[in-house]
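See below for the structure under consideration.
Here is the naming used below: chain letters follow the sequence lines, and residue numbers restart at 1 for every chain.
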Number of protein chains: 2
Amino acid sequence: MSTMNDVAQRAGVSLKTVSRVVNGEPNVSEQTRRKVDAAIAELDFRPNSVARNLRTGRIDLIGLALPYLSQPYFSSLAEEIMREAERHGLTVLIELTEGDAEAELALVREHGPHLGGLLMYPVGLSDAQALTVARTVPTVFISERAYDAHVDRVAMANREGVRALVGHMVSLGYTRIAALGADHTGRPERAAAHLRLDGYRDGLRDAGLPYLPELVLEVGTPHWNRQEGSAGMRRLIEGGIPFDAVVAFADALALGALHAVQEAGLRVPAEVAVAGFDDTDDARYAHPSLTSVAPGRAQIAREALALLNDRMNGTVDQEPGRLVVADFQLTVRESTLGGMAAWGGA
Amino acid sequence: MSTMNDVAQRAGVSLKTVSRVVNGEPNVSEQTRRKVDAAIAELDFRPNSVARNLRTGRIDLIGLALPYLSQPYFSSLAEEIMREAERHGLTVLIELTEGDAEAELALVREHGPHLGGLLMYPVGLSDAQALTVARTVPTVFISERAYDAHVDRVAMANREGVRALVGHMVSLGYTRIAALGADHTGRPERAAAHLRLDGYRDGLRDAGLPYLPELVLEVGTPHWNRQEGSAGMRRLIEGGIPFDAVVAFADALALGALHAVQEAGLRVPAEVAVAGFDDTDDARYAHPSLTSVAPGRAQIAREALALLNDRMNGTVDQEPGRLVVADFQLTVRESTLGGMAAWGGA
DNA sequence: CACCGGAGATTCATCGTTGTCAAAGAGTGA
DNA sequence: TCACTCTTTGACAACGATGAATCTCCGGTG
């Protein structure tokens, strides 16, 4: 590992001049610059970011706090964010919270002060705690839950997305549309479920269809998975309640529902249409491929980093928190259209 | 952000004494230690790891280079590794290579010198390049491909795992067992496929069954996914070749196969048994739940970090590379047993 | 009583950079 | 030629911590 000093000696200039060249500062003659560049190349010198960070106080390392990595939505979000961060010249440090408020706070206490910024998908954090986090380190939350007005947040178009999904179903002639994944506990960490249910109601209202509580299925676990989806759907089927479409609030639920429906001998989409939310890879590869709301992951990543960048540069230091809602896309596949695309098509 | 200096002033001792206390060094009186601890608590002081790293040259940050995060095997591996690293007091920096040798090298050139160590799941790296990487930074490869004898590597029991899987099938009475996921290109980056095929042959030989080339299905893409699994299985079915079991070399392939088999009207496992490799969550939640070889992810994480730790401490500096093969477990579920467990069990 | 050993604490230099400030050279106008 | 810019360059301190060397007591010895 060569240092700036080595480069300086080799180029026959002072250390500071090398620093100037490396950082593209002005007031270096073309000739010197070339000499230094040559020496840098010869020694394969790379500035020591540790030392640089120490000196400047700026850190090009940002944290990304997620509950899990093993769930498709989070791993693909992480991928997008890492790609976007690279464009900003930032390195991403992923931290797992397992959805525990304690861990979320501990992480911030521990690493927060030594991170340039933090992107966090909070789960257990209360309003007050979120504020604490944001005061420790420049933070942008990626969350469906509305926090106190003083923190920045990027969210999905939960409500509009499901509304559009219902509209899509209606336009295809389905009228008894079940909702899968509702939550009636009202707990704030289930905000996504609440908003999506609102969207479901909106969609029905748009179409002049009645809201039928018996078509609204609550599921149990805190995180939506296939088992829950399948179990919920079976309850509906066994209850003998007629339905011709299912809007699931997550792809995992939809995939579970798909199974239960097919297991019951119903054809998808001929007899029952199924759609999900998240547009994960699993949805694309399902059989039949699953219609889903793509929440604009790339845009979420982009916006989150844009907001964070502002915070890190102090551009918006005292502003109240900003909220960005990403655009969504309705990705229509076989599970609501039938026979139009080969299995596996996008 | 308070510094050691602040703590020193507050406690009325020298900066170095604070350093001693923080690092648990001897030769500090109990009384002083208490004073310092109190000051640390009052100021909520946390040592600046950037400065510490600069001074000591030791870095508690290790890289984890993976091709993707969005594939279940990798994201769950990453989770395990992060958990294990925490136990060693290390922080993990995940880097994505997209399976490109160029990116793998670039990453090492760029970040390598400033990382304490590196865990890498190489894809495109040649033998010579792997050695280059290992010389840049203490490295442990997690890879099925055998590299040059001078690098450390942790691998799965590819061959033994599939062999056991075939044995399991045989013990249940299946005799025409198809292999899904073979590779005949011989390209070294497909080592996993080669080893698993070897295991398949071993299993047949153990049982005294003939190796039938028409039951061995090659798949196309570099990474195994459901579409490929399903396409391969359909070729087999349409070819009219009789079979009563499928050993897929990856869960994704097995899930695709499951669909194709069921689509063809065959019951699993009554008429056809299906099993995979990797033991991902998807396998557990599939319908029927999928028998799979669990490659010992936790052990892989543990061993990889143990090896890396040695390298980082220079304990084994000049030794030739070491190879650890993790134990595997055969996780038997409905897709080979039938009717014994409720869906989603195990 | 002078001397020694050792625990407990301190001072000073240092890791590899960047910010500040001053010095040296080059060019300009009077 | 001199005073005065403006550009280019360098010396030095500093970021926050640790390692080496040193200093200060204090009790124990001969």
Side-chain angles (χ1 to χ4, degrees), chain A residues 1-40 43-61 89 91 110-116 313, chain B residues 1-40 43-61 89 91 110-116 137 313-314:
Chain A
M1 279 300 302
S2 49
T3 77
M4 264 191 189
N5 223 327
D6 304 333
V7 176
Q9 291 200 321
R10 177 148 197 135
V13 298
S14 80
L15 193 160
K16 177 68 211 189
T17 299
V18 177
S19 170
R20 287 214 171 84
V21 172
V22 167
N23 294 304
E25 287 174 29
N27 297 337
V28 179
S29 73
E30 194 48 43
Q31 188 188 0
T32 328
R33 192 180 298 276
R34 259 199 297 275
K35 265 195 305 186
V36 172
D37 279 333
I40 288 177
L43 295 175
D44 190 30
F45 164 79
R46 324 217 133 239
N48 181 330
S49 56
V50 173
R52 171 181 288 172
N53 291 342
L54 173 60
R55 182 63 243 241
T56 61
R58 281 233 167 115
I59 321 188
D60 55 4
L61 185 68
T91 305
E110 187 67 26
H111 293 282
H114 308 307
L115 289 173
N313 297 333
Chain B
M1 280 299 303
S2 49
T3 77
M4 263 192 187
N5 222 328
D6 303 335
V7 176
Q9 290 201 321
R10 177 149 198 134
V13 300
S14 80
L15 191 159
K16 178 68 213 191
T17 301
V18 177
S19 171
R20 284 225 166 76
V21 172
V22 168
N23 294 306
E25 288 173 30
N27 298 340
V28 180
S29 72
E30 193 49 42
Q31 189 187 358
T32 324
R33 192 180 298 277
R34 258 201 297 275
K35 265 196 306 188
V36 172
D37 278 335
I40 287 177
L43 294 175
D44 190 30
F45 164 79
R46 324 218 133 240
N48 181 329
S49 55
V50 173
R52 171 182 288 173
N53 292 342
L54 174 60
R55 182 61 243 239
T56 62
R58 282 234 166 116
I59 322 188
D60 54 4
L61 186 67
T91 304
E110 188 67 26
H111 293 280
H114 308 307
L115 289 173
V137 51
N313 298 333

From the set [options], return the single nucleotide nearest to any side-chain atom of [X].
| X | options | result |
| --- | --- | --- |
| A/Ala51 | D/dA17, D/dG10, C/dG16 | C/dG16 |
| A/Lys16 | C/dG8, D/dG10, C/dT10 | D/dG10 |
| A/Leu54 | D/dC15, C/dT10, C/dT17 | D/dC15 |

Identify whether any heavy atom of [X] sits under 4.0 Å from a base atom; if not, whether one sits that close to sugar-phosphate; answer base, sugar-phosphate or nothing.
| X | result |
| --- | --- |
| B/Ser49 | nothing |
| B/Arg33 | nothing |
| B/Val13 | sugar-phosphate |
| A/Ser29 | sugar-phosphate |

Without decimals, in angstroms, what is the distance between [X] [atom1] and [N] [atom2]?
| X | N | atom1 | atom2 | value |
| --- | --- | --- | --- | --- |
| B/Met4 | C/dA9 | CE | P | 16 Å |
| A/Arg58 | C/dT17 | CZ | P | 19 Å |
| A/Asn53 | C/dT17 | CG | C1' | 10 Å |
| A/Asn48 | C/dT14 | CG | P | 18 Å |
| A/Arg46 | C/dT17 | CZ | P | 12 Å |
| B/Leu15 | D/dA14 | CG | P | 14 Å |
| A/Asn5 | D/dA11 | CG | P | 11 Å |
| B/Ile59 | C/dG16 | CD1 | P | 11 Å |

*asked:* Closest-nucleotide mapping onto DNA chain C: is A/Arg52 or B/Thr32 further toward the 5' terminus? I mean the 5' end.
replied: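 Checking each residue's closest nucleotide, the 5'-ward one belongs to B/Thr32.
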*Quick one: bend of the helix from C/dC1-D/dG30 to C/dA30-D/dT1 from 5 pairs per end, to 10°?*
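Nearest ten degrees gives 70° for this helix.
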Is any side-chain nitrogen or oxygen of [X] closer than 4.0 Å to OP1 or OP2 of [N]?
| X | N | result |
| --- | --- | --- |
| A/Thr17 | D/dT9 | no |
| A/Thr3 | C/dG16 | no |
| B/Thr56 | C/dC15 | no |

Find the distance between [atom1] ([X]) and [atom2] ([Y]) and round it off to the nearest 0.5 Å.
| X | Y | atom1 | atom2 | result |
| --- | --- | --- | --- | --- |
| A/Leu54 | A/Ser49 | CG | OG | 11.5 Å |
| A/Asn53 | A/Ile59 | CG | CD1 | 5.5 Å |
| A/Met4 | A/Lys16 | CE | NZ | 8.5 Å |
| A/Glu30 | A/Thr32 | CD | OG1 | 8.5 Å |

A side-chain contact here means heavy atoms from C-beta on lying under 4.5 Å apart; do [X] and [Y] qualify?
| X | Y | answer |
| --- | --- | --- |
| A/Val36 | A/Ile40 | yes |
| A/Arg58 | A/Asp60 | no |
| B/Thr91 | A/His111 | yes |
| A/Thr3 | A/Asp6 | yes |
| A/Arg52 | A/Val22 | yes |

*May I ask you to verify whether the side chain of A/Arg55 and the base of C/dT18 hold a donor-acceptor pair under 3.5 Å?*
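Counting by modelled atom types and ignoring angles, a donor-acceptor contact under 3.5 Å is found here.
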*Check each residue of residues 18-27 of chain A for a non-hydrogen atom within less than 4.0 Å of any atom in DNA chain D, then write out the ones that pass by number, or none.*
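Here the set is A/Arg20, A/Asn27.
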_For the backbone of B/Glu25 and the side chain of B/Asn23, can you confirm whether one donor and one acceptor N or O come within less than 3.5 Å of each other?_
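No; zero donor-acceptor contacts below 3.5 Å.
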